[in-house]
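A short worksheet on the structure shown next.
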Amino acid sequence: MGAGHRYGLRHRDDHGLRAATDWDAAAAAEPAPAALFDLDTEAAGPPDDIASALAEFGRQRAALEASDDHARLRLLLAAESAAALIAVEMRTAGLPWDAIEHDRLLTEILGARPAGGGMPVRMQQLADQVRTELRDPTASLDSQPKLLRSLHRIGILADSTSRWELVHYDHAVIEPLIQYKRLARLHAANGWGWLAEWVHDARFRPVYVPAGVVTGRWASSGGGALQIPRQLRPAVRADPGWALVVADVAQLEPRVLAAMSRDSALARAARGQDLYAGIVESGAVPTRAQAKVAILGAMYGATTGDSGRLLPALRRTYPRAMALVDDAARVGEQGGVVSTWLGRTSPTTSAGWRDTQAAAAEPDASGADEAQARRRAADRGRFTRNFVVQGTAAEWALVWLADLRTRLAAMDPVNEDRGAPASGPVFSTRPHLAFFLHDEIIVHTPLARADEVAEAVRDAAASAARLLFGRFPVDFPLDLRISQTAAKD
DNA sequence: GAAATGCGCGCG
DNA sequence: AAAGCGCGCGCATTTC
């Protein structure tokens, strides 16, 4: 848990405001290792008294004035400030969680829990079956090296025990083994132990870490809030008399790419619910599956396979969008810094990275030195390529969230007698954000406000698009439903 | 015996 | 069928 916090704090120091000023130079001059270890102490944490908070606020205001793009940074700061509040509010309110349903799902999938402890029935059956096929009644299934050796003994000469590799082998052990691994994962990560530790008073209360990811996305620390398996979503259940408004943006990142590159052809493809269908209609690629893999490849930097082969076609049809990501990759490869739409900058190169490049540039550099330098440059290029898109998508989502928070707060509370006490007094009488995951939100709301909330969610999305991209015509359609549970129907 | 590392897999 | 971005977590093993 502590480790997650430290990462979060470290990344938060990388935000765009500081990068846009000369603070970076001052920060870089400080002894870095000491600063890193200081993060474990109170002294290096965020301001915890009025005076230091005001001082930090003053520094931010001054830095903002000194920056050459006030409007965007101001928006980013406002969104981040709101996000910090929302993260704490969401933890306080909690995500309504039906422990009975969770237990029922676990029993259905894993089998009953033996009274005296031990492995659930269905898991145990699968484990027995796997050991039979391995012809080793004591085989260890949870130790990767031992399992790999067991597989080798029966002629499965895989290099790893990953599912994607195992599926290529035709052997009776494969199917039950993959099933076992699936169940073991659910049991270990979100089984009864997780339920007991993380769900209290019908609420799941994870620790959110706003801007915990370098790109500006949120991270979480404890509870695995950002990795709740879809299988368990039926356990997310509104209180009696309340509903969930669940909304996500379809294909947020390519839409953001269309807007920030002002690529009107891609924006045209993004008209309507399914961007990939729009790409097929444009004639760039023949099938929806290819459109998807091509777009992902463009944003992630694919070089081989189907995805890599489709990129030239994408470059012809969407030259502006592709130029934006290709430029970001080139800057990264050359050691430069890229920036999101609102001005969050990517991290600078590490000393190790620069050493590798310098070594390869020496006259006596070996072929291996050069190959390593090329590989690390390409790695960094893929990172910066993705950074601009992932980071700007995170900004869109933050603005959406922040705008929605204001709208929800303005709604009339309902009769307190109908409230949901588990969320505490503040959140028991009005709609409140209950969950956020990159491009998806869940609002917990009194039934009487559900339609109003749905409208607010849509209006907030429209606001976010306008605040970031002005009048540029790109759609951000929501998949929105009002329901008792967060499960997809 | 605690901390770091590798693996595998859940999420976007 | 796979590879190309960003994470957190649990477990087993290795290292200090």
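Worth knowing before you read on, the calculation uses all heavy atoms, side chains too, and leaves out hydrogens, waters and symmetry mates. Sequence lines set the chain letters: A, B, ... in the order given, protein chains first and strands last, and positions in each chain run from 1.
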Within this structure, what is the [atom1]-to-[atom2] distance between [X] and [N], rounded to whole angstrom?
X: A:K488; N: B:dC11; atom1: NZ; atom2: C1'; answer: 13 Å
X: A:W198; N: C:dG10; atom1: CH2; atom2: C1'; answer: 14 Å
X: A:W218; N: C:dG8; atom1: CH2; atom2: P; answer: 14 Å
X: A:L226; N: B:dG12; atom1: CG; atom2: C1'; answer: 8 Å
X: A:K181; N: B:dG8; atom1: NZ; atom2: P; answer: 6 Å
X: A:R233; N: B:dG12; atom1: CZ; atom2: P; answer: 7 Å
X: A:L147; N: B:dC9; atom1: CG; atom2: P; answer: 10 Å
X: A:E253; N: C:dC5; atom1: CD; atom2: C1'; answer: 8 Å

inquiry  = With a 4.0 Å cut-off on N to O distance, would you call A:E333 and A:R374 a salt bridge?
reply    = no

request  = Check whether the ring centres of A:W97 and A:W194 lie less than 6.0 Å apart, and answer yes or no.
outcome  = yes

query = When we call it a touch if two heavy atoms are under 4.0 Å apart, what does A:R382 touch: a base, just sugar-phosphate, or nothing?
reply = sugar-phosphate

request  = Quick one: sort the A:W192 and A:H187 rings into parallel, tilted or perpendicular, breaks at 30° and 60°.
outcome  = perpendicular

message = On DNA chain C, does the nearest nucleotide to A:S143 precede the nearest nucleotide to A:G305 from the 5' side, or the other way round? Give the residue.
response = A:G305

